[in-house]
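What follows is a set of notes on a single structure, which appears directly below.
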Protein chains: 2
Amino acid sequence: MSKAKAGSADIVSFTPDMKAGTRELPAHELIYRQLRELILFGEMRPGEAVTIQGVCDSLGAGMTPVREAIRRLTAEGALEFMGNRRVVVPELTVDSVNELIFARQAIEPQLVVRATERMTDEGLEELSTIDAELDAAIAAGDLQSYLKQNYRFHARLYAMAEAPILAAVADGLWLRFGPSLRVVCGRVGTQNLPDQHHEALAAMRAGDAGAAAKAMREDVIQGMEQVRRVLSTQRSD
Amino acid sequence: MSKAKAGSADIVSFTPDMKAGTRELPAHELIYRQLRELILFGEMRPGEAVTIQGVCDSLGAGMTPVREAIRRLTAEGALEFMGNRRVVVPELTVDSVNELIFARQAIEPQLVVRATERMTDEGLEELSTIDAELDAAIAAGDLQSYLKQNYRFHARLYAMAEAPILAAVADGLWLRFGPSLRVVCGRVGTQNLPDQHHEALAAMRAGDAGAAAKAMREDVIQGMEQVRRVLSTQRSD
DNA sequence: CAGGGAATAATTTGATCATATTCTGCCGGC
DNA sequence: GCCGGCAGAATATGATCAAATTATTCCCTG
């Protein structure tokens, strides 16, 4: 059975001590998360082509895990499968934004209602912490941090709703507009961003699920409207 | 910037017959579709374990395409990744059904509204044809055909809405309850299944988007309520 | 004689497979 | 009853083949 496959058989002996602790997550999972973050926080521009071998090089990974990660991201809508075998970061159109507005305002308030019903003191504290960091990012004009904290705020809220399917849907929607958020925010400036998080937090603290849902709905709509506004003034070059 | 060197469908002066006609899809795409159908129409039971090598054997494919297909389906929620590297067809819980009810009744009426606004005569005819086959399947008690035609009806409708994101979300939801539909229908019998498709078709024919949406909403709710009823009486596990 | 278009050649990239390696769960021996 | 080997399955790599895009060159036309 053993082949006379000459060559690369000896590089394998490079095993420091990975056996002990670092072996927690499979490689494709790590690649997936890294790529997801890159996409979500706008480090890959909309329209940019994503090649398998390019990712292999830049992340220093094998081909199979990268393939799986890309496949997974395309299934989630974070990447788009353009015709032949070209994969790109999707560019938002006005139509897409309209769909996203509808879907988000339909789903997310419900998640907030459920999260409010299940809210704990620790949860409130965690959300407040994130929101404080978000405010700090806005004050500092730190776009990168703003995007991350804003996402974290919503993601934590989804998780607290204990509705895995709805949370997955909402999360998937986020992946679709994440890449363009950076472009939009860069154009609008962090100062003018909507932030209904304080209202939502106050309502959740008071246990008023309806008010929390309303605040979140407005946060969503305002944010997405801003995206739509930028997109519709930005003629395709 | 120019979006297309794409297209130009027919520069086939050389390679006359092979290239133009049979568009050979990549293997992983084929595997994905086959697996998706198997899951969607209940040919894999909820709770059943899906092993890579098992799929390799049963579909006679290599390992890499199967891996990608499975990864994609897990990303869509059609398969579930259970802790260890075990992948199973998810079993619906009452909580999941409640989430699905909410999500579907939030999304699908909007798709129907959009489809109605864009409806053409050919579209109406196509939907009527599918619905007739659906009725025939119900009359014949052909569960397999019922499931397929029912899905086709909805899927075609989604496509006509020209809302790719909403359609993708709705399609993803369908994948989550598809496997359990067969179990439920097997228990309830095809006769008692809800069918608001006639009302929806009539409303679409009349161009009454609101009425069409209402009919679809009732179809969705009735169907999912039936699933919930069966699940909540089925305590045996 | 020069410029443009098309066909071909070459490089780049994607798809698939065979194979090695690791991990998990199980079974038998002590 | 516990520990260690064994088998099966999944992860991951590299090689290899096919397809496509790009670039170059040649020929035709103005």
Side-chain angles (χ1 to χ4, degrees), chain A residues 1-34 48-74 79-88, chain B residues 2-16 18-34 48-74 79-88:
Chain A
M1 289 10 174
S2 59
K3 300 304 170 211
K5 263 313 172 50
S8 51
D10 40 13
I11 311 179
V12 194
S13 51
F14 206 64
T15 55
D17 62 352
M18 55 171 65
K19 220 171 186 178
T22 42
R23 226 9 172 193
E24 302 218 356
L25 289 175
H28 63 83
E29 183 72 27
L30 293 175
I31 305 288
Y32 166 76
R33 296 189 186 185
Q34 289 180 59
E48 181 176 341
V50 176
T51 75
I52 292 182
Q53 302 191 348
V55 175
C56 285
D57 290 346
S58 74
L59 295 189
M63 193 172 246
T64 313
V66 170
R67 281 181 73 76
E68 293 184 38
I70 288 181
R71 203 65 69 190
R72 206 167 146 190
L73 288 164
T74 38
L79 293 174
E80 201 174 355
F81 191 73
M82 292 291 283
N84 282 328
R85 28 215 239 192
R86 206 115 200 157
V87 173
V88 301
Chain B
S2 65
K3 48 170 28 171
K5 41 216 29 187
S8 62
D10 37 23
I11 312 177
V12 275
S13 37
F14 41 89
T15 63
M18 264 328 233
K19 208 165 187 180
T22 35
R23 190 66 170 180
E24 201 159 336
L25 291 168
H28 61 81
E29 184 72 28
L30 293 176
I31 305 289
Y32 167 75
R33 294 188 188 186
Q34 290 180 55
E48 183 177 339
V50 177
T51 74
I52 293 180
Q53 301 193 344
V55 176
C56 286
D57 291 345
S58 74
L59 296 188
M63 194 172 253
T64 313
V66 170
R67 281 178 74 77
E68 292 184 39
I70 288 181
R71 203 67 69 191
R72 204 167 146 191
L73 288 164
T74 38
L79 293 175
E80 201 174 355
F81 190 72
M82 295 291 282
N84 313 342
R85 6 211 246 198
R86 206 121 201 151
V87 173
V88 299

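Owing to the predicted nature of the structure, the values given are computational and were not obtained by experimental measurement. In what follows, every heavy atom counts, from backbone to side chain, and hydrogens, waters and symmetry copies are set aside. Letters go in sequence order (proteins before strands), and every chain restarts at 1.
Nearest-nucleotide assignment on DNA chain C puts the 5′-proximal partner with V50(A), out of G62(B) and V50(A). In terms of position along DNA chain D, the nucleotide closest to I52(B) lies nearer the 5' end than the nucleotide closest to the other residue of the pair I52(B) and M63(A).
Residue E29(A) contributes atom CD, which lies 11 Å from atom P of dT11(D) at whole-angstrom precision. Rounded to an integer number of Å, the gap from CD of E68(A) to C1' of dC17(C) is 15 Å. Here dT11(D) presents its P atom at 14 Å from CD1 of I31(A), a figure rounded to the nearest Å. Atom CE in M82(A) sits about 15 Å away from atom C1' in dA20(D), given to the nearest Å. Here the C1' atom of nucleotide dC17(C) and the CG atom of L59(B) are 17 Å apart, to the nearest Å.
The shortest non-hydrogen separation linking V88(A) to M82(A) is CG2-CG, 3.4 Å.
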Pull out every protein N or O sitting under 3.5 Å from an N or O of nucleotides 24-27 of chain C, one pair per line with the distance.
unit_1	atom_1	unit_2	atom_2	d
dG25(C)	OP1	N84(B)	ND2	2.4

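Partners of R33(B) under the side chain to side chain donor-acceptor pair (under 3.5 Å) rule, at least two apart in sequence or in another chain, are E29(B). Residues satisfying the side chain to side chain donor-acceptor pair (under 3.5 Å) criterion with R71(B), sequence neighbours excluded, are H28(A), E68(A).
Among the heavy atoms of the strands lying under 4.0 Å from T51(A) are primed sugar atoms or P, OP1, OP2 only; no base atom is included. Among the heavy atoms of the strands lying under 4.0 Å from A27(B) are primed sugar atoms or P, OP1, OP2 only; no base atom is included.
To the nearest 0.5 Å, the span separating CZ on F81(B) from CG on L73(B) amounts to 14.0 Å. Remark: T64(B) OG1 to M63(A) CE distance equals 10.5 Å, nearest 0.5 Å.
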When the side chains of residues 48-61 of chain B are checked against the rest of the protein, which donor-acceptor pairs come out under 3.5 Å, sequence neighbours left out?
unit_1	atom_1	unit_2	atom_2	d
E48(B)	OE1	R45(B)	N	2.9
T51(B)	OG1	G54(B)	N	2.8
S58(B)	OG	G54(B)	O	3.4
S58(B)	OG	V55(B)	O	3.4

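Checking the phosphate oxygens (OP1, OP2) of dG14(C), no side-chain nitrogen or oxygen of R67(A) falls inside 4.0 Å. Between R71(B) and dT11(D), a side-chain N or O to OP1/OP2 separation shorter than 4.0 Å is present.
For Q53(A) against dG14(C), a side-chain-to-base donor-acceptor contact under 3.5 Å is present.
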